[in-house]
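Remarks on the structure that follows.
Given the structure is predicted, the values throughout are model-derived calculations rather than measurements.
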Amino acid sequence: MFSNNDFILVLTPSLAILVLAAILIVAWLVQRSQRFLLWQACAYSLTALPLGAQSLLPLEELNRYALLIGSFYLLSAWCLARSWAERWRVSTQPHAALLIAIVTLAALYQFSRVEPNVWARVSSFSVGSGLVLLLPILQIRSRRNSFDWLDQSLLWLSVLFTAYTFTRPVLIWLLGYSDLRSLPSSPYWILTLLSILNFSLLFTVVMTAIAVKETVGKLRKERDFDALTQILNRRSFQEYAQERLADLRLYPMAVLACDIDHFKRINDAWGHERGDKVLQLVSAILQSNMREHDLVARFGGEEFVILLTNIALKDAEAIARQVQRDIGSSNDILPSGTRMTMSFGLSSITQAFQFERALKEADQLLYQAKNAGRDRVHVSGVDYPDIPIESPRQSDKIAA
């Protein structure tokens, strides 16, 4: 058997893998939505236990427990495949995986109990595990172009590990271990342990980086987007607008300020839940009329602001009137016979320094439109009847 130093050496990789599993579980407890971390931790745990047993038990004992050890490894392979599938949002094809597992376990039984053959057993297990790992990889060909560098790294690492799983018997043969009874104490087995540990470390680093990126992205989304309507909030609109204003290719631009007419009356008559649905509907209509580089934001309450890029004022007015028509024809939210309307103010931008002025002018034109009777589009440079501009607070009183 092993000396004390050898004992520690062969168990160290298994213990290290269990430590990695614990780290992943803690990460999952912090961010429960990232379930791929939990599945990866399960895969590590199910690998470390039989790996340790194989390192310690003689071949005769391994023959007796071949089915149990094989079951652990196959379940580990499926958990790892499930982790990848969770991240890539594909299926693990459980029926195909179950069929592969049954055939593999039948082969392990045949070559451990009926016709003992270590070579055949190792080969059967390697092919079965490799096929289980291959199932989610085969489903992502059409999605590879949408992967960022982290997901690309995960993909290639998964491909390498799957290829390693398939080719383990070949590596044994190439290294000259014809008598597999010596494997548990052989340099090959030490190399195998270190290889699995290294793959585990690499997977942990990549998966943890993905988890951190997802968490940061989620926090940024919560910071930048209005929780109810899922469009930009006022602060983030200013930030993203500066990026657009710095791009000379996107001029001329236009600012469109819009406000739901009589919104307080909607809340008072049908409740705030109905009012929330109106806000969500309006946001969806605004987004549906936006183009690639346009921005739409909820500035607060029932007021929205849109930055239209690479557009003449006349074409921006056409978009505003299209939104006006879409809003007016949307009768699913309010009771039958009730028409929903919005008022609009539109101002142009030809240079970056005009942005704040355009925002203010669009807001003034919006309240001109409200004071003129609502459900109107007022455009910069057009003369309208000389109606005093109400302050937002006064206008809300009129709407009530």
Side-chain angles (χ1 to χ4, degrees), residues 13 16-17 20-21 23-24 27-28 34-48 50-51 70 72-101 103-104 107 122-175 188-189 191-214:
I17 292 171
L20 294 176
I23 292 172
L24 291 171
W28 171 73
Q34 297 171 344
R35 292 190 299 174
F36 57 86
L37 296 174
L38 179 61
W39 286 111
Q40 190 178 10
C42 292
Y44 286 2
S45 301
L46 291 166
T47 297
L51 206 62
F72 268 88
Y73 277 132
L74 285 169
L75 191 55
S76 170
W78 186 81
C79 288
L80 187 57
R82 179 66 183 268
S83 173
W84 303 343
E86 285 278 348
R87 175 58 199 165
W88 298 329
R89 293 179 176 84
V90 298
S91 171
T92 53
Q93 301 187 46
H95 293 98
L98 180 60
L99 179 60
I100 293 169
V103 173
T104 303
V122 171
S123 299
S124 300
F125 161 73
S126 297
V127 171
S129 298
L131 289 174
V132 170
L133 295 172
L134 195 60
L135 291 175
I137 295 175
L138 293 176
Q139 298 179 68
I140 61 170
R141 289 183 180 178
S142 61
R143 301 189 55 195
R144 284 178 59 184
N145 292 335
S146 64
F147 283 180
D148 62 15
W149 69 271
L150 278 174
D151 279 302
Q152 289 282 1
S153 300
L154 175 61
L155 173 60
W156 284 112
L157 188 56
S158 303
V159 170
L160 284 174
F161 183 70
T162 302
Y164 168 77
T165 302
F166 272 120
T167 57
R168 276 188 60 207
V170 177
L171 293 176
I172 296 173
W173 179 78
L174 289 176
L175 290 173
Y188 165 77
W189 184 245
L191 180 62
T192 298
L193 294 175
L194 294 177
S195 298
I196 294 175
L197 177 58
N198 286 332
F199 272 116
S200 299
L201 284 169
L202 289 172
F203 275 120
T204 300
V205 169
V206 173
M207 286 296 205
T208 303
I210 289 173
V212 170
K213 185 200 72 173
E214 290 286 298

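Scored by the side-chain contact (heavy atoms from CB on, under 4.5 Å) test, Ser153 finds Trp149 as partners (sequence neighbours excluded). When the side chain to side chain donor-acceptor pair (under 3.5 Å) test is applied to Ser200, no partner is found at least two apart in sequence or on another chain. The side chain to side chain donor-acceptor pair (under 3.5 Å) test applied to Ser123 returns no partner, not counting sequence neighbours.
Side-chain atoms of Leu138 and Gln93, non-hydrogen and from C-beta on, never get closer than 4.5 Å to each other. Side-chain contact between Phe36 and Ile210: present, with at least one pair of heavy atoms (C-beta onward) separated by less than 4.5 Å.
Between Trp39 and Trp78, the ring-plane angle classifies as perpendicular under the 30° and 60° cut-offs. Ring geometry for Phe199 against Phe161 counts as perpendicular: the plane angle is over 60°, on a 0 to 90° scale with 30° as the lower cut.
The salt bridge (Lys or Arg N to Asp or Glu O under 4.0 Å) pairs that include a residue from residues 191-205 number zero, where partners must be two or more places apart or lie in different chains. The salt bridge (Lys or Arg N to Asp or Glu O under 4.0 Å) pairs that include a residue from residues 73-85 are Arg82-Glu86, where partners are two or more places apart or lie in different chains. The side-chain hydrogen bond (donor to acceptor under 3.5 Å, both in side chains) analysis of residues 202-212, with sequence neighbours excluded, yields the pairs Tyr44-Thr204.
Minimum heavy-atom separation, Cys79 to Leu46: SG-CD1, 3.8 Å. Nearest heavy-atom pair, Phe125 versus Arg168, reported as atom, atom and distance to 0.1 Å: CE2-NH1, 3.7 Å. Nearest heavy-atom pair, Leu133 versus Ala77, reported as atom, atom and distance to 0.1 Å: CD2-O, 3.4 Å.
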*Hey, mind stepping through Leu37 and Leu24 against side chain to side chain contact (heavy atoms under 4.5 Å, CB included) and telling me if it holds?*
CA-CA 6 Å; Leu37 296 174; Leu24 291 171; 3.9 Å; yes
*Run the numbers on Glu214 and Leu150 for side chain to side chain contact (heavy atoms under 4.5 Å, CB included), then give the verdict.*
CA-CA 11 Å; Glu214 290 286 298; Leu150 278 174; over 6 Å; no
*With side chain to side chain contact (heavy atoms under 4.5 Å, CB included) as the test, would you mind laying out the steps for Leu131 and Phe166 before giving the verdict?*
CA-CA 8 Å; Leu131 289 174; Phe166 272 120; 3.9 Å; yes
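In terms of modelled atom types and a separation under 3.5 Å, the side chain of Gln34 and the main chain of Ala211 share a donor-acceptor contact.
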